[in-house]
Peer 1: 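Before anything else, here's the structure in question.
Per chain, numbering begins at 1; letters A, B, ... match sequence-line order.
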2 protein chains.
Amino acid sequence: MVVKEASLTTQELRNAILGGSLAKDGRLMSERVLAQTLQVTRSRLRGVLDDLAREGLVFRRHGQGTFLQPPPAQAPSRLDGLARRVSPAALMEVRLELEPALAALAAERGSASDKARLLRLMEDTLIAPDLQSYERADDIFHYKIAEMAGNEVFLTLFEEIRSLRQAKDWTEARQAKLGEENMTAVSTQHSAIANAICAGSTSAARTAMYEHMQQVRSVVLTETP
Amino acid sequence: MVVKEASLTTQELRNAILGGSLAKDGRLMSERVLAQTLQVTRSRLRGVLDDLAREGLVFRRHGQGTFLQPPPAQAPSRLDGLARRVSPAALMEVRLELEPALAALAAERGSASDKARLLRLMEDTLIAPDLQSYERADDIFHYKIAEMAGNEVFLTLFEEIRSLRQAKDWTEARQAKLGEENMTAVSTQHSAIANAICAGSTSAARTAMYEHMQQVRSVVLTETP
DNA sequence: CCATAAACCAATTTGAAATTGGTTGAATGC
DNA sequence: GCATTCAACCAATTTCAAATTGGTTTATGG
């Protein structure tokens with residue numbers, strides 16, 4: 001399907017990788033398999049993947065794999081056992097404290113290029129055509145902020161919370177609840193967060209993210225009788 | 001040494017357990033071994049351990065074990081790999097956000113009995129005769145607050161941070177830095193935190209814990225040239 | 001009814017093997 | 001020469017079964 005007789009051009013390679021048909025649940029095949037599938041050498045594949053990773057289009061983790069849009073999930077930590085008994089309220093309580101702190105640190109430490117990319121990711125959330133692609137863009141947006149905070153411990157905690165959130169199928173319920181009015185409110189908040197971070201205003205970034213988390217919590221916790 | 005011909009009294013059992021000679025690094029032998037060592041039935045041993053756990057003198061975790069003063073450490077999570085490359089500054093940055101939030105929740109949700117016990121634990125930090133026993137009392141004090149927050153996710157995150165902190169041998173350096181003047185300041189702060197929590201004042205508890213964390217950070221990060 | 005003992009259940013840890021991205025260096029081809 | 005390819009190896013992570021540990025139930029005997 002994607003294979004040609006002669007070797008693929010770099011652009012073809014990029015398209016094949018980003019196309020998603022080589023990934024399952026956002027996770028690409030291993031480099032070795034991928035190289036053989038695409039009939040290219042691993043060296044060249046890795047070169048392309050290096051570029052994609054630098055551009056933020058692909059996420060890699062050492063013993064874990066290479067991932068498309070959604071940044072890599074977590075290792076099987078003790079939180080796994082929690083996934084069942086944890087309530088959305090408890091999770092949001094944690095996010096309500098964690099993410100504003102991350103936003104503040106991101107505003108303080110984020111590099112110029114990171115901030116530029118964050119603006120682009122924010123725009124992605126605005127122009128998302130459907131709920132599913134919105135969820136993905138939103139996911140990347142928040143992840144990028146956590147990454148920009150520049151604290152590996154914080155990032156790990158964030159990823160564990162994120163994986164907990166994904167472990168449960170709250171996304172379905174959440175998507176059903178995300179109406180038009182909430183959507184525009186959230187978009188405004190995302191914009192405020194991104195702008196505050198780019199401006200380097202730690203306190204503004206913190207409060208903007210806090211208000212956003214309050215909104216998200218109210219959406220998540222609305223009863224569906 | 002502890003064994004008698006006839007079966008031990010309940011009080012003797014408690015003393016033997018809390019004595020510490022049956023524990024290694026704060027962790028007791030398994031119930032089966034312990035029962036045989038003390039020449040009592042496991043049922044009875046568990047009955048006594050139940051009491052001790054209720055009184056907060058012993059901490060138990062399912063597949064993990066039973067622990068003396070220091071609450072149980074963490075599972076081998078991804079944070080383990082971090083222990084090497086993580087800096088004290090990064091860790092304190094996280095504690096500076098986490099613990100005030102926990103203190104606020106503890107003030108909001110802590111039961112009356114929990115608050116009473118917290119006061120006792122606070123007093124333990126005040127009367128600690130040496131640095132080592134102070135560290136232990138301080139550890140339990142902060143753990144109790146995290147526990148009182150009543151959010152299992154938050155508690156897990158706290159425990160992971162705590163284990164990271166213990167993985168490194170910063171305690172030595174920290175102990176060396178804890179001078180008399182810092183000691184009294186920290187004591188005052190502990191008292192303020194406990195009082196705020198017992199009064200149910202969330203904001204006061206939050207700020208008191210925040211100031212305490214700032215103090216701890218300044219102590220931890222002081223250079224030792 | 002209570003204490004004991006044994007068996008079983010459930011959560012966790014442990015450790016070896018497999019998987020994956022990352023790195024190096026020799027061989028190859030132009 | 002120089003870049004590409006290939007192979008082997010390194011390092012981080014996951015996976016999976018076995019062992020360990022606290023928790024629970026059941027049967028037994030006083």
Side-chain angles (χ1 to χ4, degrees), chain A residues 6-8 10 13 17 22-25 27-54 58-68 71-86 152 156 159-160 163, chain B residues 6-8 10 13 17 22-54 58-68 71-85 152 156 159-160 163:
Chain A
S7 193
L8 287 71
T10 300
L13 255 182
I17 294 171
L22 298 169
K24 187 181 174 184
D25 285 332
R27 175 182 161 165
L28 285 170
M29 302 184 286
S30 81
E31 294 181 351
R32 291 164 178 83
V33 176
L34 200 55
Q36 187 167 7
T37 302
L38 294 173
Q39 289 293 324
V40 293
T41 179
R42 186 150 96 105
S43 311
R44 193 148 104 82
L45 175 63
R46 276 187 59 80
V48 174
L49 286 177
D50 285 344
D51 294 339
L52 291 175
R54 255 190 302 274
V58 141
F59 302 80
R60 294 202 278 189
R61 276 292 167 79
H62 199 140
Q64 226 169 344
T66 303
F67 303 78
L68 290 183
Q74 97 303 357
S77 76
R78 180 192 308 193
L79 289 172
D80 270 5
L82 283 181
R84 285 178 276 98
R85 56 192 170 199
V86 148
E152 213 169 355
T156 302
E159 285 178 1
E160 293 187 341
S163 78
Chain B
S7 195
L8 287 72
T10 300
L13 256 183
I17 293 171
L22 299 169
K24 186 181 176 186
D25 285 331
R27 176 183 159 167
L28 285 168
M29 302 184 285
S30 79
E31 294 182 349
R32 292 163 178 83
V33 176
L34 200 55
Q36 186 167 7
T37 302
L38 294 172
Q39 288 292 324
V40 293
T41 180
R42 185 152 95 104
S43 311
R44 194 148 103 84
L45 174 63
R46 275 186 60 78
V48 174
L49 286 177
D50 284 344
D51 294 338
L52 291 176
R54 254 189 302 275
V58 142
F59 302 81
R60 293 201 279 190
R61 276 291 167 76
H62 201 140
Q64 225 171 344
T66 303
F67 303 79
L68 290 183
Q74 97 302 356
S77 76
R78 182 193 305 193
L79 288 172
D80 270 5
L82 282 180
R84 285 179 274 99
R85 55 193 171 199
E152 214 171 353
T156 304
E159 285 178 2
E160 293 186 342
S163 78

Peer 1: Take the protein atom CZ of A:R44 and the nucleotide atom P of C:dT28, then report the distance between them rounded to whole Å.
Peer 2: 22 Å
Peer 1: Which residues satisfy the side chain to side chain donor-acceptor pair (under 3.5 Å) test with B:R32, sequence neighbours excluded?
Peer 2: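 B:R32 satisfies side chain to side chain donor-acceptor pair (under 3.5 Å) with no other residue.
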Peer 1: Would you kindly give the CG-to-P distance between A:L13 and D:dT4, to the nearest whole Å?
Peer 2: 14 Å
Peer 1: Whole Å only: how far is the CD atom of A:Q36 from the P atom of D:dC6?
Peer 2: 11 Å
Peer 1: Mind checking whether B:L38 and B:L22 have side chains closer than 4.5 Å, heavy atoms only?
Peer 2: yes
Peer 1: Quick one: side chain to side chain contact (heavy atoms under 4.5 Å, CB included) partners of A:R44, sequence neighbours excluded?
Peer 2: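 Listed in chain order: A:S7, A:T10, A:L13, A:V40, A:T41.
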Peer 1: One character per nucleotide, please: for nucleotides 19-26 of chain D, 5' to 3', B when the base has a protein heavy atom closer than 4.0 Å, S when only the sugar-phosphate does, - otherwise.
Peer 2: --BBBB--
Peer 1: How would you list, by chain and number, every residue that makes a side chain to side chain donor-acceptor pair (under 3.5 Å) with A:R46, sequence neighbours excluded?
Peer 2: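 In terms of side chain to side chain donor-acceptor pair (under 3.5 Å), with neighbours along the sequence ignored, A:R46 is linked to A:E31.
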Peer 1: Looking only at non-hydrogen atoms, find the nearest pair between A:A53 and A:R60 and report the distance.
Peer 2: CB-NE, 4.4 Å
